[in-house]
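Within every chain, numbering begins at 1; the chains are lettered A, B, ... in the order of the sequence lines, protein sequences first and strands thereafter.
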Amino acid sequence: MALSPPFPGDAHAAYGTLTPIYRPMAQQQAQERNAISPRRAENFPEWYQAVVTAADLAENSDVRGCMVIKPWGYAIWELIQQQLDKKFKDTGHSNAYFPLFIPLSYLEKEAEHVAGFAKECAVVTHHRLEVGPDGKLRAASPLTEPLIVRPTSETIIGESYSRWVQSYRDLPILLNQWANVVRWEMRPRLFLRTAEFLWQEGHTAHETEQEAREETERMLGVYHEMMRYHLALDVVTGRKTASERFAGAVDTYCLEAMVQDRKAVQAGTSHFLGQNFAKASNIQYLSREGVKQHAWTTSWGVSTRLIGTLIMAHSDDDGLVLPPRVAPKHIVIIPVTPKEDTKAAVLEACDKLAERLRAQSFHGEAIRVQVDTREVTGGSKAWDWIKKGVPLRVEIGPRDIAGSAAMVARRDRPHKSRDLIAWDQLVADAPTILEDIQSTLLARNQAFRKENMVPMDDKDSFYKFFTPRNSGRPEIHGGFALAHWCGCPDVEEQIRKDLSVTIRCIPDDPAIAAEPGMCIFSGKESAQRVVFAKSY
RNA sequence: CGGAGUGUAGCUUAGCUUGGUAGAGCGCCUGGUUUGGGACCAGGAGGCCGCAGGUUCAAAUCCUGUCACUCCGACCA
């Protein structure tokens with residue numbers, strides 16, 4: 001097998017013929033059977049659900065909006081956690097834990113914050129159960145002050161900070177917590193929008209505005225790097241408009257990923273909170289000049305939504321496709337044991353190869369290898385791992401033992417393409433192949449994003465861009481529209497009403513949108529283009 | 001919270017208009033034959049047809065109520 005060079009300068013160029021992400025139905029080979037039904041092009045939302053089920057990532061709970069994250073899905077989250085946690089520590093942060101329950105009165109302290117979250121809070125009003133006259137359990141003993149289940153923790157952490165901070169010498173405070181939060185969602189969707197979700201929330205307090213702004217940008221950068229190099233997502237970063245800003249923030253920065261139906265997913269946020277929460281929570285310090293000052297705070301977070309983004313960005317009509325750096329297993333070895341008398345030899349060869357592969361490292365960690373010894377036929381084993389998105393599948397049968405070779409299949413290539421590779425070569429090349437899969441996925445996401453991020457210079461084409469031809473069952477359409485906007489919230493609101501399209505961000509990359517122009521809706525002046533898109 | 005729809009086995013569902021012993025596929029269990037890309041044959045387990053009332057000799061089927069879920073809007077990481 002000819003291997004592509006590791007880390008090609010332009011990975012996209014190394015793959016002149018990319019596997020098309022969508023193929024028109026007419027070109028689909030009729031006899032070709034996919035693992036996932038429907039296909040992406042047929043019904044994207046249903047395809048997404050089918051991938052989650054087929055890859056055994058999660059399932060819905062009886063509690064509406066809540067999900068059970070199954071081992072394979074949780075392992076992906078753990079890998080994301082590990083990578084991020086290291087980065088947080090490297091940038092000077094420590095982990096801590098703050099309570100799940102927040103007194104109602106805390107939330108009331110910041111007016112915009114209340115307005116933003118009040119409609120989606122779970123409220124705890126009682127603290128015991130008793131048996132009612134009908135024999136059923138009912139809530140008893142009302143709380144004097146109701147508690148809310150945290151939708152985010154700015155207020156309760158601010159309460160602590162107000163006690164911890166006395167002097168400029170107490171600053172900065174750089175904390176993070178890994179936690180669950182609850183936002184009572186009307187329309188849940190596994191991983192993307194659930195009533196309860198797992199996330200991390202960083203909360204920092206600083207002496208100066210500049211320090212806090214630097215922190216906000218630093219953490220945006222940490223997220224950017226993680227999404228690009230671990231999740232293989234070519235995200236667009238930028239600032240939110242006033243209407244999309246975090247409730248109570250001065251500035252919200254975000255990372256917007258484009259997934260395969262060309263919609264945007266907000267994959268992470270970093271907020272500069274100014275002194276708003278410091279004033280609300282009374283976080284004050286005595287400055288170097290002996291003057292009482294409010295601290296400057298930030299908060300930043302990513303959630304299990306990243307997994308949903310990952311699925312929608314990379315997976316195909318055969319199921320999940322995982323970038324190796326977040327794959328719970330890098331390689332699965334499937335013993336092909338057609339006859340009893342050769343079975344032991346095959347299994348032994350598989351175990352030996354697994355050991356040799358485990359001794360290799362990929363990004364400073366031992367390669368994660370599993371030998372699938374389940375008592376089912378080889379074909380269904382292979383399909384299971386295709387659906388689970390394992391980057392490399394290795395099959396060893398009796399005939400391969402003589403030649404010390406194995407059939408190797410890459411998940412980023414069509415499921416029928418397999419190569420016979422000698423064990424020695426596979427062991428030596430495994431890290432390179434994994435790296436190549438990683439960069440191929442990034443290159444594909446980047447090519448797709450570039451292809452579907454288009455400048456729009458008049459209102460008509462803008463509306464046409466976001467209007468499906470088939471309104472009954474909308475086909476995949478639209479993308480990221482780069483258009484000039486005058487900054488007027490009314491214009492933004494009108495577009496949202498007309499097309500369900502919002503400004504995802506004001507991009508910070510001058511290569512994307514620096515030049516001034518004229519708002520295509522109002523004709524007024526505009527300093528730069530902004531990104532419009534439909535979103536999750 | 002508005003509009004539409006659906007509740008039958010672990011999952012997907014047929015049957016409902018015209019009331020008469022609840023059927024299939026997948027999955028699961030057992031045995032056998034198989035095995036280099038989703039095996040086949042035989043046998044088996046599994047259902048108060050969402051729940052409560054009503055009509056009827058008889059209700060998955062008709063009527064009323066209720067609960068849950070899904071989709072489309074409004075809201076959101």
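- A:His477 and A:Phe465 have their aromatic ring centers separated by at least 6.0 angstrom.
- The six-membered or imidazole ring of A:Phe44 lies away from that of A:Tyr48, with a centre-to-centre distance of 6.0 Å or more.
- The P atoms of B:G3 and B:G10 are separated by 34 Å, rounded to the nearest whole Å.
- In this structure, A:Glu395 reaches the bases: a heavy-atom distance under 4.0 Å links it to at least one base atom across the strands shown.
- No contact: A:Thr269 has no heavy atom under 4.0 Å from any strand.
- At least one side-chain nitrogen or oxygen of A:Thr377 sits closer than 4.0 Å to the OP1 or OP2 atom of B:A39.
- Under 4.0 Å is where a charged nitrogen must lie from a carboxylate oxygen, and between A:Lys381 and A:Glu395 no such pair does.
- Remark: the separation of the P atoms in B:U8 and B:C48 is 11 Å, to the nearest Å.
- Under the Watson-Crick and G-U wobble criteria, each requiring two contacts below 3.5 Å, nucleotide B:C28 is paired to B:G44.
- If you check B:A22 for Watson-Crick or wobble pairing at under 3.5 angstrom, you find it has no partner at all.
- Where A:Gly268 and A:Val63 meet RNA chain B, the nucleotide closest to each residue was compared, and A:Val63 sits on the side nearer the 5' end.
- Taking atom CE on A:Met226 and atom C1' on B:A77, their separation rounds to 13 Å, with Å as the unit.
- Close to B:U70, at under 4.0 Å from its OP1 or OP2, lies no side-chain N or O of A:Arg189.
- Nearest to the side chain of A:Arg193, among B:G37, B:C76, B:U35, sits B:C76.
- Comparing the P positions of B:G65 and B:A74 gives a spacing of 30 Å, expressed to the nearest Å.
- With both ends at atom P, the span from B:G7 to B:A14 equals 7 Å, rounded to whole Å.
- RNA chain B is contacted by both A:Arg245 and A:Pro45; A:Pro45 maps to the nucleotide lying nearer its 5′ end (nearest heavy atom per residue).
- Aromatic ring orientation, A:Phe197 versus A:Trp199: perpendicular (interplanar angle above 60°, classes split at 30° and 60°).
- A close approach under 4.0 Å does occur between a side-chain nitrogen or oxygen of A:Arg187 and OP1 or OP2 of B:G73.
- Under the Watson-Crick or G-U wobble criterion, with both distances below 3.5 Å, B:A74 is left unpaired in every strand shown.
- Minimum atom distance to the side chain of A:Pro398 is reached by B:G36, of the listed B:A77, B:G38, B:G36.
- No contact: A:Gly378 has no heavy atom under 4.0 Å from any strand.
- The side chain of A:Pro338 lies closest to B:U35, out of B:C75, B:G37, B:U35.
- Residue A:Phe117 contributes atom CZ, which lies 9 Å from atom C1' of B:A77 at whole-angstrom precision.
- As rounded to the nearest Å, B:U13 and B:U66 have C1' atoms that lie 25 Å from one another.
- Of the candidates B:G37, B:C69, B:G38, B:C69 carries the atom nearest the A:Arg64 side chain, counting heavy atoms from C-beta on.
- The gap from the P atom of B:C11 to that of B:C1 amounts to 28 Å, rounded to the nearest Å.
- The nucleotide B:C62 finds its pairing partner in B:G54, both defining distances of the Watson-Crick or G-U wobble pair being shorter than 3.5 Å.
- If you take atom C1' in B:U70 and the same atom in B:C62, they sit 26 Å apart, rounded to whole Å.
- Atom-to-atom, CG of A:Asp384 to C1' of B:G27 comes out at 13 Å; the value is rounded to the nearest Å.
- The nearest whole Å value for the distance from the CD1 atom in A:Ile334 to the C1' atom in B:U35 is 14 Å.
- Nucleic acid contact for A:Thr502: none, since no nucleic acid atom lies under 4.0 Å from a heavy atom of the residue.
- Within 4.0 Å (heavy atoms only), A:Leu306 reaches no atom of the nucleic acid at all.
- Distance, A:Arg183 CZ to B:C75 P: 16 Å, rounded to whole Å.
- Not less than 6.0 angstrom separates the ring centroid of A:Phe246 from the ring centroid of A:Tyr253.
- One N or O donor and one acceptor, one from the side chain of A:Arg393 and one from the base of B:G37, sit under 3.5 Å apart.
- The interatomic distance linking A:Lys534 (NZ) with B:C76 (P) rounds to 18 Å, in whole Å.
- Here A:Phe246 lies out of heavy-atom contact (under 4.0 Å) with every strand.
- At a threshold of 4.0 angstrom between heavy atoms, the contacts of A:Lys343 with the nucleic acid are absent.
- When Watson-Crick and G-U wobble pairs are counted only if both distances are under 3.5 Å, B:U35 pairs with no nucleotide at all.
- Aromatic ring centres of A:Trp383 and A:His415 lie closer together than 6.0 Å.
- The partner of B:U6 is B:A68, judged by Watson-Crick or G-U wobble contacts that both fall below 3.5 Å.
- To the nearest 0.5 Å, the span separating OG1 on A:Thr91 from NZ on A:Lys86 amounts to 10.5 Å.
- What separates CD of A:Glu185 from P of B:C75 is a distance of 12 Å, to the nearest Å.
- The side chain of A:Asp400 lies closest to B:G36 when the candidates are B:G38, B:G36, B:G37.
- When the P atom is compared between B:G53 and B:U17, the two are found 23 Å apart, to the nearest whole Å.
- Per the geometry, CE belonging to A:Met407 stands 19 Å off P belonging to B:U35, to the nearest Å.
- For an aromatic pair to be called close, the ring centres must be under 6.0 Å apart, and A:Phe521 with A:Phe532 satisfies this.
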